[in-house]
Each structure stands twice: as C-alpha cells, then as structure tokens.
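In what follows, a structure is listed as structure tokens, so that the remarks can point back to it.
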Amino acid sequence: MNEKNLSVPVTLGEQARTRLAGRNVVFVGLMGAGKSAIGRMVAQQLKVSFIDTDVEIERVSRMTIAELFATYGEEEFRALETRVIKRLLRGGPKVISTGGGAFINDNTRRHITRGGISLWLKADLDVLWERVNKRDHRPLLKTENPKATLAALMEKRYPIYAEADLTIESRDVRKEIIVTEVLAAIAGIEQKDRTS
Ligand SMILES: Nc1ncnc2c1ncn2[C@@H]1O[C@H](COP(=O)(O)OP(=O)(O)O)[C@@H](O)[C@H]1O
Ligand SMILES: O=C(O)C1=C[C@@H](OP(=O)(O)O)[C@@H](O)[C@H](O)C1
Ligand SMILES: [Mg+2]
C-alpha cells in the first residue's frame, strides 16, 4: 500500500482543539443564550475541562448567586466575578462559560480578551425569554416585567457582546447543531486571522 495515501480521519472536535493551540474558549452572552449548556458540550467535544463561572462563584462563596446579590449587591458580585474569572483564565486550554454580565464589566472583559477566545452566543428576545422564564433563579429578572427587563439588557449589552472574537446565533434548534457550529468556528480561527 502506498503510505502517502493513508489518511487518518480527524473529528471536528480534534481540528478545533488543534487550532486552539492551548487557548481558552470563553462563552459570553445574555441569560438564556445557552452558555452553560452549550459550553459543557463543547468542552466534551474538545476533550478539555469545563467550568461555569457562576458555579465556581457559588462554590467559593458558599452562597447562591441570588443570595450574593441579595446580601452584598451587584457591585460586590461583579468584583468577585472578576477575581474568579481572572484566576480561571490562567492555564489552558479549557472552556469557561461566564454569567451574562461578566463580559459587560470593563475589567473582566479585559481579562477575557487577553486570556482566551471569546465567543458570543447571540439569541433573539423570544428565544431567550422562552428559556429563562422556565426558572426563577436569576436575580436580575425578578422585576415586574422580566421580559421587558431582558429586552432592555439586550439593548444595552449587545453592542458590547459584539466585541467578542466569534459570534454564533443561538436559536431554536437542537443543541448539537449549535455545538457543531461553535466547533467549526473555532476550527476556522486561524484562517480567519490570516485573511483579515
Ligand atoms: N439550542 C437549545 N435548544 C433548546 N434548549 C436550549 C438550547 N440551548 C440552551 N438551552 C436550554 O436553555 C436553558 C438556558 O440555558 P443556559 O445554558 O442555562 O443559558 P445561560 O448559561 O446562557 O444563561 C437551559 O435549560 C438549556 O438547556
Ligand atoms: O446577566 C447577568 O448579569 C447575570 C447572568 C447570570 O448568569 P447566566 O447568564 O448564565 O444566566 C448570573 O451570572 C447572574 O444572575 C447575573
Ligand atoms: Mg449560565
């Protein structure tokens, strides 16, 4: 057999992992976009560890996110979030799913920009609302009209999320489809850099 014709099939996950070259992938976007769910699945495909910053914050503080907001307020929560994310970004590659406000904070965003590839999961209001209204653990949505609150957050935050390195539309399709699109976007990173 001619050895030159031997080719080993490489999965999309393996291609993406190679392209990452040790960098972290950091999911950003609004509540309900799927950062936690899709991030975990992407990490499995990349065969790297996964961490959700809200879970890590709850672990180190031994309080829930809702308790932290109620006890110390949003400003203190953001300061803790910055510290936790700064620490998690050290060493890679890993997949880090942030809470929706993390990338909006200037300090945290600077750390993320330096410490990994940021990926915005972008979704429209109805998709987000459909997902978040099933649970009530998000303190920022405990308002009289949570859908209007979500719409106001979209208005304010979307121009900032748009600074992320990659954007994937999170929509009403199977999670596996979004995961495949994320992996394909990561696998294409270097070509994109070369042509831009
Ligand atoms: N593509 C999808 N299709 C259906 N449900 C999804 C999809 N992506 C996320 N979800 C669900 O939406 C909810 C919110 O997702 P989550 O990952 O917690 O969002 P985030 O961390 O961005 O707030 C979860 O129940 C999750 O399983
Ligand atoms: O958008 C925000 O400011 C927040 C989003 C939440 O995370 P998810 O985006 O994972 O829901 C959580 O960090 C906290 O409730 C604040
Ligand atoms: Mg989450």
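All ligand and atom numbering here is 1-based and tracks the order in the structure. Numbering starts at 1 and runs along the sequence shown.
With respect to atom 5 (N) of ligand 1, the closest heavy atom belonging to the protein is Lys175 CE, 3.7 Å. Of all protein heavy atoms, the one closest to atom 17 (O) of ligand 1 is Ala37 N, 2.8 Å.
At least one heavy atom of Gly32 lies less than 4.0 angstrom from ligand 1. By the 4.0 Å heavy-atom criterion, Glu74 is excluded from the residues contacting ligand 2. Heavy atoms of Arg171 come nearer than 4.0 angstrom to ligand 1 in at least one pair. Heavy atoms of Glu58 stay at 4.0 angstrom or farther from ligand 2. Ligand 1 has Leu30 within reach: a non-hydrogen atom of the residue lies less than 4.0 Å from it.
Remark: ligand 2 and Gly100 share an N or O pair separated by less than 3.5 Å (distance only, no angle test). Considering backbone and side-chain N/O atoms, Ile38 never comes within less than 3.5 Å of an N/O atom of ligand 1. Looking at Arg174 next to ligand 1, no N or O pair under 3.5 Å apart turns up. Considering backbone and side-chain atoms together, Arg157 places an N or O closer than 3.5 Å to an N or O of ligand 2. Considering backbone and side-chain N/O of Gly34, one or more are found under 3.5 Å from N/O of ligand 1. Checked against a 3.5 angstrom limit, the closest N/O atoms of Arg138 and ligand 1 fall inside it. When only interatomic distances are considered, the shortest N/O to N/O separation between Met31 and ligand 1 does not fall below 3.5 Å.
Of the options Glu176, Arg40, Arg131, Lys35, the smallest heavy-atom separation from atom 13 (C) of ligand 1 is shown by Arg131. Closest to atom 1 (N) of ligand 1 by heavy atom, among Thr53, Val173, Val28, Asp172, is Val173.
Counting protein heavy atoms under 4.0 angstrom from atom 21 (O) of ligand 1 gives one or more. There is a protein heavy atom less than 4.0 angstrom from atom 9 (C) of ligand 1.
Every atom of ligand 2 with a heavy atom of Arg138 under 4.0 Å away is listed here by number and element: 11 (O). Interface atoms of ligand 2 facing Pro139, defined by a heavy-atom separation under 4.0 Å, are 15 (O). Those atoms of ligand 1 that come under 4.0 Å of a heavy atom in Ser36, given as number and element, are 17 (O), 21 (O). Distances below 4.0 Å separate heavy atoms of Ile65 from the following atoms of ligand 2: 14 (C), 15 (O). Proximity to Leu140 (heavy-atom distance under 4.0 Å) selects the following atoms of ligand 2: 2 (C), 3 (O).
Around the NZ atom of Lys147, the shell of radius 6.0 Å holds more than 12 heavy atoms that belong to other residues, nucleotides or ligands. By the 6.0 Å contact criterion, CG on Asp136 is open, its count of non-hydrogen atoms from other residues, nucleotides or ligands being 12 or less. The neighbour count for Lys47 NZ, taken as heavy atoms of other residues, nucleotides or ligands under 6.0 Å away, does not exceed 12.
For Arg78, every heavy-atom contact with ligand 2 shorter than 4.0 Å involves the side chain, none the backbone. When heavy-atom distances to ligand 2 are checked against a 4.0 Å cut-off, Arg131 has no atom that comes that close, whether in backbone or side chain. Contact annotation: for Val132 versus ligand 2, there are no heavy atoms closer than 4.0 Å.
Side-chain contact, Ser97 with Ser36: no donor N or O sits under 3.5 Å from an acceptor N or O.
Formation of a donor-acceptor pair under 3.5 Å by the Thr149 side chain with backbone atoms of Asn145 is found in this model. No donor-acceptor pair under 3.5 Å is formed between the side chain of Lys142 and the backbone N or O of His137. A donor-acceptor pair under 3.5 Å links the side-chain atoms of Tyr161 to the main chain of Gly100, judged by distance alone.
Taking backbone and side-chain atoms together, Ser36 has an N/O/S atom less than 2.8 Å away from the Mg ion (ligand 3).
A salt bridge does not link Arg171 to Asp126: none of the charged nitrogens lies less than 4.0 Å from a carboxylate oxygen. Using a 4.0 Å cut-off between charged nitrogen and carboxylate oxygen, Arg59 and Glu56 count as a salt-bridge pair. We find that Glu81 and Arg78 are joined by a salt bridge, their nearest charged nitrogen and carboxylate oxygen being less than 4.0 Å apart.
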Take Phe50 and Lys94 through the side-chain contact (heavy atoms from CB on, under 4.5 Å) test and state the conclusion after the steps. CA-CA 6 Å; Phe50 170 73; Lys94 57 181 106 128; over 6 Å; no
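A ring-centre distance under 6.0 Å is not found for Phe27 and Trp120.
Only one option out of Thr167, Thr113, Asp165 pairs with Ser118 in a side chain to side chain donor-acceptor pair (under 3.5 Å); it is Asp165.
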